[in-house]
Enquirer: 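Below is one structure. I have some questions about it.
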Amino acid sequence: MKKELIAMILAGGQGSRLGALTDTMAKPAVPYGSRYRIIDFPLSNCVNSGIDTVGVLTQYQPLALNTYVGNGHPWDLDRNNGGAFILPPYQHSKGSDWYKNTANAIYQNIPFIDNFDPDYVLILSGDHIYKMNYAKLLEYHIAKGADATIAVYEVTKEEARRFGIMTSDENGRIVKFEEKPAKPESTQASMGIYMFNWPLLKKELAEDEADAASSHDFGKNVIPKLLAEGRQVFSYPFQGYWKDVGTIESLWESNMDIIDRPRDIDLQDDSWRIYSRNPVKPAHYIAPGAKVRGSALTDGCVIYGSVHHSILSHSVVVEAGAVVEDSVLMPGVVVRRGACLKKVIVGMETIIGENDQIGGEENKEHPYYNKKICSESITLINGGLILKPDISVPGNCMVSMAQTVAESDQIIERCENIPAV
Amino acid sequence: MKKELIAMILAGGQGSRLGALTDTMAKPAVPYGSRYRIIDFPLSNCVNSGIDTVGVLTQYQPLALNTYVGNGHPWDLDRNNGGAFILPPYQHSKGSDWYKNTANAIYQNIPFIDNFDPDYVLILSGDHIYKMNYAKLLEYHIAKGADATIAVYEVTKEEARRFGIMTSDENGRIVKFEEKPAKPESTQASMGIYMFNWPLLKKELAEDEADAASSHDFGKNVIPKLLAEGRQVFSYPFQGYWKDVGTIESLWESNMDIIDRPRDIDLQDDSWRIYSRNPVKPAHYIAPGAKVRGSALTDGCVIYGSVHHSILSHSVVVEAGAVVEDSVLMPGVVVRRGACLKKVIVGMETIIGENDQIGGEENKEHPYYNKKICSESITLINGGLILKPDISVPGNCMVSMAQTVAESDQIIERCENIPAV
Amino acid sequence: MIRNTCGLILADDKRIHMGDLTRPRALSAVPFGGRYRIIDFALSNMVNSGILTIAVSTFNKYKSLMDHLGTGSAWDLDRKSQGLYILPPYISSESYTGRGDDLSGIISFFREIKQEYIIVSSASCILNTTYDELMAYHRDKNADISVMYNRDGYKAEAPVTILDMTRSGRVKGVYENPLNPVSNRNSLGVMLMRRELFVEILGEAMSRGTTEVNPEFYVKEFDRYAIYGYEYKGCALRINSTQAYFDATLRALSEPTRTDVFWQKQPVFTKVKDEAPAIYSEDCEVRDSMISDGCYIQGSVKHSMLFRNVSVGNKAKLTNCIIFQDTQIADGCELENVIIDKKCVIRPGIKLIGQAAYPVVIGKGAIV
Amino acid sequence: MIRNTCGLILADDKRIHMGDLTRPRALSAVPFGGRYRIIDFALSNMVNSGILTIAVSTFNKYKSLMDHLGTGSAWDLDRKSQGLYILPPYISSESYTGRGDDLSGIISFFREIKQEYIIVSSASCILNTTYDELMAYHRDKNADISVMYNRDGYKAEAPVTILDMTRSGRVKGVYENPLNPVSNRNSLGVMLMRRELFVEILGEAMSRGTTEVNPEFYVKEFDRYAIYGYEYKGCALRINSTQAYFDATLRALSEPTRTDVFWQKQPVFTKVKDEAPAIYSEDCEVRDSMISDGCYIQGSVKHSMLFRNVSVGNKAKLTNCIIFQDTQIADGCELENVIIDKKCVIRPGIKLIGQAAYPVVIGKGAIV
């Protein structure tokens, strides 16, 4: 059945900069902001923009995403014509391929897209927190008579060196694109959101696939080629909250923004709900002796201890005498009595032992000290762990089963499977 | 959320014995019996048996299956807790694997199954036509106190040589299992339907996976090992219609059974509906000059010609003067005026040219003659083809784009993509 | 696709009576065309136009309508935040009263939603289209209200709403069932306007004591609003009586009506029944007929419409017949110009002969 | 899991009046426990027992109930062939009459389906369980009808249905609101029987002129059928009055009631609202309270139940309060022993003080 516009969400990446958090789930499935998972944002944006057909391209640990997205019902994407589709790589009669890169992932799914015979295809990332009306982007794309339109975000000159930077003329037409320029000519950063005319994109993808020198990436190959061909490529400036949550630091920051910059992210906005799969739990309970301030909580939490400036997902338990500060606790985390967390991200279903002291001052000699994934003194505890009681872990550490530490330094009692939803 | 019983449908196979029909779709997605696809049978059996959580394991050309199963709505499997899940192979943090075989496919999906914490897991094939109440199978399994129960079907001594044959004692306990025995001891053939206690199966799958000598197949490895260990493995005798539609001959036969043995297959049975995804087409129309006898038709067909002893899927057009006999026409096939089909299976959306003569007497010298896939003079025309007019193809031929024939013998005008649904 | 528009379908029309066919059901719940109900056409037109919020208003006999519409999933309207709403008259009543009150329920529903436009459709016309052109016309004319009509006003049966229009297309007069029509422009009961205007007009009507919605009553405000007529040039079948229903069905068997009504680019959605395919016996003879899934045909069927799961026995002969679902015609029956409702049993050898101008109707569940 | 069983929920009870709380809605549509409506408990109990065909019968004020139940998807009851059915009284009426008739609609619905057993549940008791043990007891006793009761018959408010039972558990007498109860066994309005028996009893009742269903009226047939009482030992909250509602809610804040009602192994399903998480300001103080998603709390909240999307202003003080969804409590308010319905606005500095034994109730949409 024909659709004017369908969206394809690139949800394939392992997201290795999120460290142990993505050991068992793809990045878009990572819990965020008390009630959500990262993928709720692009999915909700699609539905709120009137897009009812969304392909979710996935190959790395898709189970959590697969069961989380499920029938698509929470996002109103359980449609008979269209809806949400998880699209893994597959075998065909002439062989089989994993997705080589972003453009190749779309290339491999040309038959899926052709099924809906769309005029336009919207390519999205699965790991950004923002609210955008793609219908407006499409209007702009049509009004400009564009071949492709790229959403861009104003960054500082400083930040510009970390992004793909677009230089546009006065009409918004992109004249130059540079990946992480040392001397940025502009401060318009690509948001990784591309609107294409499907017939053109299909042709370009086939050519890109045939090009042995290409790395089959939208940013590195497809867009530069369009520009080189002199195509009408426009930039669409986006205002509003936008954050790539691809690192532990940005994930922590973006979580804190919910309480520090509530108006910017505006989750209360009735006209643009962010939908999520509901955990089916009772309202949360704050006990007589508890103290909760400057925090965000959701269903199923039970708080006997003290919670300050923290983001708690559903079903988190904080026992009496425990203190949670500047932290992000994912679904099902239990903080046993007397434990103390400071600037910690704790993965799903992990149990913090009695009187554990986690986070705070850094200690570069500590066996769990991590400088590759963690920064800004944020400590990351992976999901599914049961920590021993009375242990202490300083700031900027990463704790997961993968770490090899001396027997005497071992703080993990055991590890359990995290249920996918 | 806990489930007592979940089902896993092995839908991965390429089904190479169906030849060109499975070039672009997995075997379970092949249209069958006018209104159905093969997978409708296990899916409908599950729902009618009260099973609301079904994993469909697929890796070969899953797009058709993926879009056909979609949100699961036609089978009432668009559930919030449970429902239908397409389960492809995936990458995990320690690498990635295609499904090596049936047992390995289930092994790779242990986390999926564990999500539902089931007591029992039912393993099904995606390519059999039958109606079975799995709830009764489970009752039997529980009553026998079985570790595993295998559904068996009574075959003749003759046929037994082509099946996995079970020998059971007077209580139904299986004492011996032989794969395609030269001298069958019994006539109970395995239907490839296995009921397992999940904790046991999980353990057995892990052991099987660790066994480098195993080919990771239920019939060849897992079941023999259970028997060798002295487990309680029972046979569950099934009466009623059952057909493996794994070959062109059996696919044709099973289609014809709808008109030749309507009471056996009993598709009219109100208490056990076979559900399918509806094509949203008007009722079919028989024109004033048409002649339709001894056939099965469904929505969207328009018949001006003559149809006898044939099975027509939705949206088939038979023009004036065309004759269709003993044939199976899949969705969207068009038979142009004056064409004549005899004992032909035509794949989806193919157009038979004006005055084409297809099927009938065999001619072993014919460039399209095929003895590997076709038999019994059945001719197979692949989907998506537009045949030239005035051509002639004898019986027992297979016509697909993959065939290399001399320019002068070419009967295909062109080939088009078949939409997945 | 038109955006930002909601829909209202008036599922019944108190001016139209179809005897046994509308006794157990609302007009729009009457089966039509082998596998549909009349309402499927109005619903599908809206869905195919991109309308996602659709209310169905009905004043009685909801059961078959509710059974048919279910959760709305057949029209992909089982949505979280939009979708299909059934508005029986009770919906606003807060006290223990049984008295129906169509208007207040409709008003409160349409006051609360957010779409800019509304399309109101009556249930009595069968047509298969999208409303894109109507919307373009409406905007082009800068109209307050646009009314869809076609040009069968001279010959159509009552109820007829004749539009008198200026050259520019503006409505300057409206006549209900006139003896001498001033034009052949006959309203199809499809109207487009701003949602807020609709709520305003309805509110006024209610304040004057009206409690029911008549598909065309707002058109009478032509001296106050800029009302424009939009001509629909495709085929429209008016179901105003049993006779009209019979004629429309048989007409729909032949081209070009068959294509106009059933075979447009956009599909007509309806509730899925999951019947088996239709089976034709070796001895059957079927000509110029539409046959639905689940039928089992042994006899002869000519120029007829068979709904789902109808069985026609050996040597039975059907000519110019409309047979609703689950009805069994036994061996040797002879039926001509007959409409048979659901779940009837016609016993062996029975002969029922009506006239083309006066078909015999057998009510639901009858055993003849 | 019990199989082959359907359910009927009687969504209202004409014997129970709760003033402003039941003015705009049926009893079972009254919000409870922060994110639920009372009916969610009866519905979830059935769904968690494996019952897939559930009818909800109601005689008026359907709107909030229909809005809440929607397509049934929150309970996974948006099914093709089974699922959730709302049975307003009209459902059987074939003529243009407005008079409600509960029984004939219920009878015709339950006559047509196929399940062997039926569980009938009233709306006025909140409990969280599955019916597996009830079914086992029913079969063990070879009972015609099994009635669930608990032992709060001496103290409970009317309506009370006291069961007099033999040692073997068979009911030998039934007393409605007795002055001197013969036992403390008080029916919970949950009954299990064969579906056919249910249809038979209802048919008889209708033939004697009854037109409404009372949750316990079939129990009175104890001399004719083998009726057994099954004691429910978990916690059950009876909502018989505004006072009972207030007490039940505050009781549910503390253990063991909180666990018994909300935190059982089986979840209580309800309509999803997709609110943002609750936000606690730096200066707020919350103690011994249940808080729902979407709340924004700046002031002090003690021993209270806040539904979704409630905002509590700076320096506002709430003690022993129940605040329904979308209500705003402005800065500096002081509220004690108050129930505030949906969408109210309490303006800055307002003081509302009720008594624990006589809470103040503010009706839906009020601006105070």
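Here the structure is a predicted model, which is why all the values come from computation and not from measurement. Numbers restart at 1 for each chain; the letters A, B, ... are given by sequence-line order, proteins then strands.
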Enquirer: May I ask you to decide if B:Gly289's main-chain N or O and C:Arg287's side chain share a donor-acceptor pair within less than 3.5 Å?
Expert: no
Enquirer: Hey, does B:Arg293 have a side-chain heavy atom less than 4.5 Å from the side chain of C:Glu285?
Expert: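 Not touching, per the 4.5 Å side-chain cut-off.
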Enquirer: Tell me, side chain or backbone of C:Phe307 under 4.5 Å from chain B's heavy atoms, or both, or neither?
Expert: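 Answer is neither: C:Phe307 stays 4.5 Å or more from chain B.
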Enquirer: Given that the side chain runs from C-beta out, which part of B:Asn278 has a heavy atom under 4.5 Å from chain C: side chain, backbone, both or neither?
Expert: side chain
Enquirer: Would you indicate whether the side-chain heavy atoms of B:Lys281 and C:Phe262 approach each other to under 4.5 Å?
Expert: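 Sidechains of B:Lys281 and C:Phe262: no contact.
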Enquirer: Let me know which of C:Leu253, C:Val286, C:Asp288, C:Ile297 forms a side-chain contact (heavy atoms from CB on, under 4.5 Å) with B:Ile286.
Expert: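 For B:Ile286, the side-chain contact (heavy atoms from CB on, under 4.5 Å) check succeeds only for C:Val286.
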Enquirer: Using every non-hydrogen atom in the two residues, find where C:Asp274 and B:Ser276 come nearest and quote the distance to one decimal.
Expert: OD1-N, 3.5 Å
Enquirer: Any chance you could measure B:Asp299, atom CG, to C:Thr270, atom OG1, to the nearest 0.5 Å?
Expert: 10.0 Å
Enquirer: Using a cut-off of under 4.5 Å on heavy-atom pairs, state which of B:Ala287, B:Ser313, B:Pro74 scores highest against chain C.
Expert: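 So the answer, after comparing B:Ala287, B:Ser313, B:Pro74, is B:Ala287.
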Enquirer: Search all heavy atoms of C:Cys284 against all heavy atoms of B:Val292 and return the closest pair with its distance.
Expert: SG-O, 3.3 Å
Enquirer: For B:Phe41, check ring-ring contact (aromatic ring centres under 6.0 Å, His included) against everything at least two apart and list the hits.
Expert: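 For B:Phe41, the residues satisfying ring-ring contact (aromatic ring centres under 6.0 Å, His included) (neighbours in sequence not counted) are B:Tyr32, B:Tyr36.
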Enquirer: If I measure from the heavy atoms of chain C, does B:His314 come under 4.5 Å with its side chain, its backbone, both, or neither?
Expert: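 Nothing of B:His314, per the 4.5 Å heavy-atom cut-off to chain C.
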Enquirer: Nearest 0.5 Å please: distance from the CD1 atom of C:Ile279 over to the OG atom of B:Ser34.
Expert: 7.5 Å
Enquirer: Side chain, backbone, both or neither: which part of B:His73 has a heavy atom under 4.5 Å from chain C?
Expert: side chain
Enquirer: Which of the residues C:Glu282, C:Arg308, C:Lys273 is involved in the greatest number of heavy-atom pairs with chain B at under 4.5 angstrom?
Expert: C:Glu282
Enquirer: Using heavy-atom distances under 4.5 Å, tell me whether B:Ile311 contacts chain C through its side chain, its backbone, both, or neither.
Expert: neither
Enquirer: Which bit of C:Ser281 is near chain B, if near means a heavy-atom gap under 4.5 Å: side chain, backbone, both or neither?
Expert: backbone
Enquirer: With only heavy atoms counted, which part of B:Ala296 is less than 4.5 Å from chain C, the side chain, the backbone, both or neither?
Expert: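 Backbone plus side chain of B:Ala296, per the 4.5 Å heavy-atom cut-off to chain C.
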Enquirer: Go through the atoms of B:Val302 and report whether side chain, backbone, both or neither lie under 4.5 Å from a heavy atom of chain C.
Expert: side chain
Enquirer: Can a salt bridge be assigned to the pair B:Arg273 and C:Glu275 using a cut-off of 4.0 Å between side-chain N and carboxylate O?
Expert: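 The answer is yes: the pair qualifies as a salt bridge.
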Enquirer: Is the backbone of B:Val280 close enough, under 3.5 Å, to the side chain of C:Arg35 for a donor and an acceptor to pair up by distance?
Expert: no
Enquirer: For C:Pro277 and B:Gln268, which heavy atoms make the closest approach, and how far apart are they?
Expert: O-NE2, 4.2 Å
Enquirer: For the CD atom on C:Glu255, are there more than 12 heavy atoms of other groups (residues, nucleotides or ligands in this structure) within a distance under 6.0 Å?
Expert: yes
Enquirer: Output the option from C:Ser292, C:Cys295, C:Ser289 having the highest count of non-hydrogen pairs under 4.5 Å with chain B.
Expert: C:Ser289
